[in-house]
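First up is the structure itself, then whatever we jot down about it.
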Amino acid sequence: MRVWEYVRKRAMDGAGKREVISGSGQTYRDLPEYTEKPFRRLRLCEGTTRAQQAAAVIKCLAEGDIAVPVSREYGQGRYEYIRSVVEKAESGEAGLEDVALLMFTSGTTGEPKGVMLTDENIIENLEYISGYFDVAGMNRLCISRSLTHISGVTGELLYGICNGMTIYFYEEAFIPQRLMKFLRETEAEVYCATPTVFGSLSRYADKAEIPLKTAAISGERLTEGQAIKIAKAFPETKFYNVYGLTEHSPRVSALPPEDFLRKAGSIGKPIGNVHMKIEDGELLVKSPCMMKGYYGAEEMTEKKLKGGWLHTGDMAHEDEDGYYYIDGRKDDMIIRGGVNIFPEEIEAVLKECPGVEECLVYGERDERFGEKICAEVKGRAELTELQRFAREKLAPHLLPNEYKKTETFEYTSGGKLIRRKK
C-alpha cells in the first residue's frame, strides 16, 4: 500500500465536512484519491507558508510522486543544493520505486544528505504512533515546525490527517507570547514541539491559560528539570516525551504521560516492532521504519546501517526498568584531558540556576587540555552567581573554563537550539 492510500483510508473513517488545513476550504470529503503512476519522480514541495507546503506534500503523495519538502529557512545555499539534486534526478530512476519521501538532513557537517523513506517505513511508523499517542476525540492540531523535518510530516501532518483533525499552522517567527496567543485563539488541543519551545512557553503559562490536552516533546534532549517545570506549568496537559530521527521515519520510542514525571528525562521504551540496544555507549535501532538509505551515497548508507542496525549517533543508557535515556550526541562530545564530557549534562545543571533562561555548552581548542569547556547563558543571572552555583552542583571535571553572557541564541524554524561547532 502507498502512504497516501493508507492516510486517506484512515481519514475517511469519519471526519466529513471538517477542514483539513484551516483556511484552505478543503474538507476531508475533498481529499484526493491516490493515483498510481508507471514510475515515480522526485518533486519539490515548497510554499511561501507552511500551510501551502503542507498542501504541496499532500498533492505530491496523492499523485504518486516522491515528496521532497524544501524551504529557504535554512539558507539559500542549502535550498539550491537540494533543488539541483532533484533537477538532476531521472524520472523512474531505479531504486526509487517504493520511496515516498526524500528528506534532507540539516547538513551542518557538509552537504545535506537525502534520506530515502519508503511507503512501508512511513505506514509502519504511523501505526506505531497510533499505538501510544492517544488523540481520541480531539479535532484541532497546531503545527509550528517546518515540514522539512520528518517529525512535522509523519508525526504531525500525516498523523493529524489520519485522525481527521483540522490543522492550524503557526506561521510567524517563534515568540512565546505570540505562540501562546495563537494556541488560545485556535483552541488547539494537540501540539508537538521541542523542550526549548515548551520551556519558553512555560514562563508565560501563569499569564494565560491554553487549551492543550495532549502534547509531544521531541527534537532535543529533555532533562529531568525541564520535564518537571513544563508539567507544573501545564497541569491539565498530558505530555509524552518521544525520541526519533530522520533515518527512522522518525519515531523510535515514547514515554507516556503516566511516566512523564516518574521517569522524568527518559525517552521511554521502544514502540511497535522497534528493537533498541546500546553498543559502546551508542544507541542502535532496528525496525521496518529504518530508511532505505541515503540517496546516491551507498558507502555512507552502509556505515549508518552497519550490521543491519541503525547507528543513531546518540549516546545513551538504560535503567533497571528498561527505560532509555539520551546522554548526548556522539559528535558533540567534549574531550578534556582525556575525559569524555557531554555538554548536555552540564547544560541540564546550569539551567537550574535562578535567572538562567537558556544555556549552551560547547568545546573549544585548548593547548593544555586539548579542549576547554565554554558556557554561554541568557538571562538575568550574573556570571559570578552562575560560577558559584556550578561549583556547588557540578563535579570538578565538568566545571566550565569560560562563562559568557549573550542576548540571543540561534534556533531552527522548529524551535531547536542550534549547537555551536568547535
Side-chain angles (χ1 to χ4, degrees), residues 71-78 106 108 144-146 149 170-183 191 193-208 210 217 219-223 225-230 232-234 328-329 332 334 341-366 371-394 398-422:
S71 171
R72 299 176 193 268
E73 290 178 275
Y74 295 106
Q76 187 66 22
R78 181 178 186 273
S106 60
T108 54
S144 63
R145 288 190 240 241
S146 167
H149 298 288
Y170 177 74
E171 304 281 3
E172 301 180 40
F174 173 60
I175 300 173
Q177 301 95 314
R178 295 190 69 84
L179 177 54
M180 289 279 280
K181 182 173 182 287
F182 184 82
L183 292 170
Y191 178 56
T194 64
T196 296
V197 169
F198 275 110
S200 297
L201 292 179
S202 67
R203 289 195 285 273
Y204 300 91
D206 60 341
K207 297 179 176 63
I210 58 175
I217 299 178
E220 296 173 321
R221 178 176 178 263
L222 176 70
T223 68
Q226 286 175 312
I228 293 170
K229 285 182 179 179
I230 292 169
K232 183 179 179 181
F234 303 104
R329 286 292 298 169
D332 287 332
I334 301 169
I341 296 167
F342 294 112
E344 293 91 343
E345 183 179 0
I346 302 171
E347 290 167 355
V349 172
L350 297 185
K351 286 177 182 177
E352 297 300 314
C353 178
V356 172
E357 294 179 16
E358 187 57 271
C359 174
L360 185 65
V361 173
Y362 55 92
E364 283 189 353
R365 297 296 179 192
D366 181 77
E371 286 186 285
K372 62 181 179 181
I373 303 172
C374 300
E376 285 190 15
V377 296
K378 175 185 175 183
R380 57 180 173 76
E382 295 295 331
L383 293 184
T384 52
E385 298 172 1
L386 185 63
Q387 287 175 305
R388 184 163 51 249
F389 183 86
R391 284 195 297 270
E392 293 174 358
K393 303 291 184 179
L394 286 170
L398 296 178
L399 287 172
N401 301 94
E402 288 186 14
Y403 296 85
K404 305 173 185 178
K405 288 287 288 280
T406 184
E407 295 299 320
T408 58
F409 283 113
E410 288 186 89
Y411 299 91
T412 67
S413 60
K416 184 176 180 178
L417 188 65
I418 298 175
R419 186 169 295 282
R420 177 180 302 215
K421 294 297 178 183
K422 301 169 187 175

Test item: [X] and [Y] side chains (from C-beta on) under 4.5 Å apart, heavy atoms:
X	Y	result
Pro400	Ile346	yes
Thr194	Arg145	yes
Val361	Ile341	no
Asp332	Phe342	no
Val377	Thr406	no
Thr196	Phe409	no
Ser144	Tyr191	yes
Val349	Thr223	no

Measure the spacing between [atom1] of [X] and [atom2] of [Y] and express it to the nearest 0.5 Å.
X	Y	atom1	atom2	result
Ile230	Ser200	CD1	OG	9.5 Å
Lys404	Leu360	NZ	CG	10.5 Å
Tyr362	Ile334	OH	CD1	10.0 Å
Tyr204	Ile210	OH	CD1	13.5 Å
Gln177	Leu201	CD	CG	9.5 Å

- request: Mark yes or no for whether Lys232, through its side chain, and Ala227, through its backbone, hold a donor-acceptor pair below 3.5 Å.
  value: no
query: For Lys372, does its backbone N or O pair with a side-chain atom of Asn401 as donor and acceptor, under 3.5 Å?
result: no
message: I'd like to know whether Leu398 forms a side chain to side chain contact (heavy atoms under 4.5 Å, CB included) with Ile373, so could you lay out the CA-CA distance, the side-chain angles of the two residues, the decisive distance to 0.1 Å, and finally the verdict.
response: CA-CA 8 Å; Leu398 296 178; Ile373 303 172; 5.6 Å; no
query: After noting the C-alpha distance and the side-chain angles of Arg178 and Glu172, does the key distance pass the salt bridge (Lys or Arg N to Asp or Glu O under 4.0 Å) rule?
result: CA-CA 8 Å; Arg178 295 190 69 84; Glu172 301 180 40; 2.4 Å; yes
Check: Tyr403/Glu376 side-chain N/O donor and acceptor closer than 3.5 Å: no
- request: Using distance alone, with no hydrogens and no angle criterion, decide if Thr384 and Gln387 have a side-chain donor and acceptor under 3.5 Å apart.
  value: no
Between [X] and [Y], which heavy-atom pair has the shortest distance, and what is it?
X	Y	value
Phe198	Phe234	O-CE1, 4.3 Å
Cys359	Val356	CB-CG1, 4.3 Å
Ser202	Ala233	CB-CB, 3.5 Å
Arg221	Pro195	O-CG, 4.0 Å

Salt bridge (charged side-chain N to carboxylate O under 4.0 Å, His left out) pairs, two or more places apart, involving residues 379-389: none
- prompt: Please, which pairs that meet salt bridge (charged side-chain N to carboxylate O under 4.0 Å, His left out) have at least one residue in residues 345-360, sequence neighbours excluded?
  reply: Glu347-Arg419, Lys351-Glu358
message: With a sphere of 6.0 Å drawn around NZ of Lys378, does it hold more than 12 non-hydrogen atoms of other residues, nucleotides or ligands?
response: yes
- request: Give a yes or no on whether Glu410 atom CD has more than 12 heavy-atom contacts from other residues, nucleotides or ligands under 6.0 Å away.
  value: no
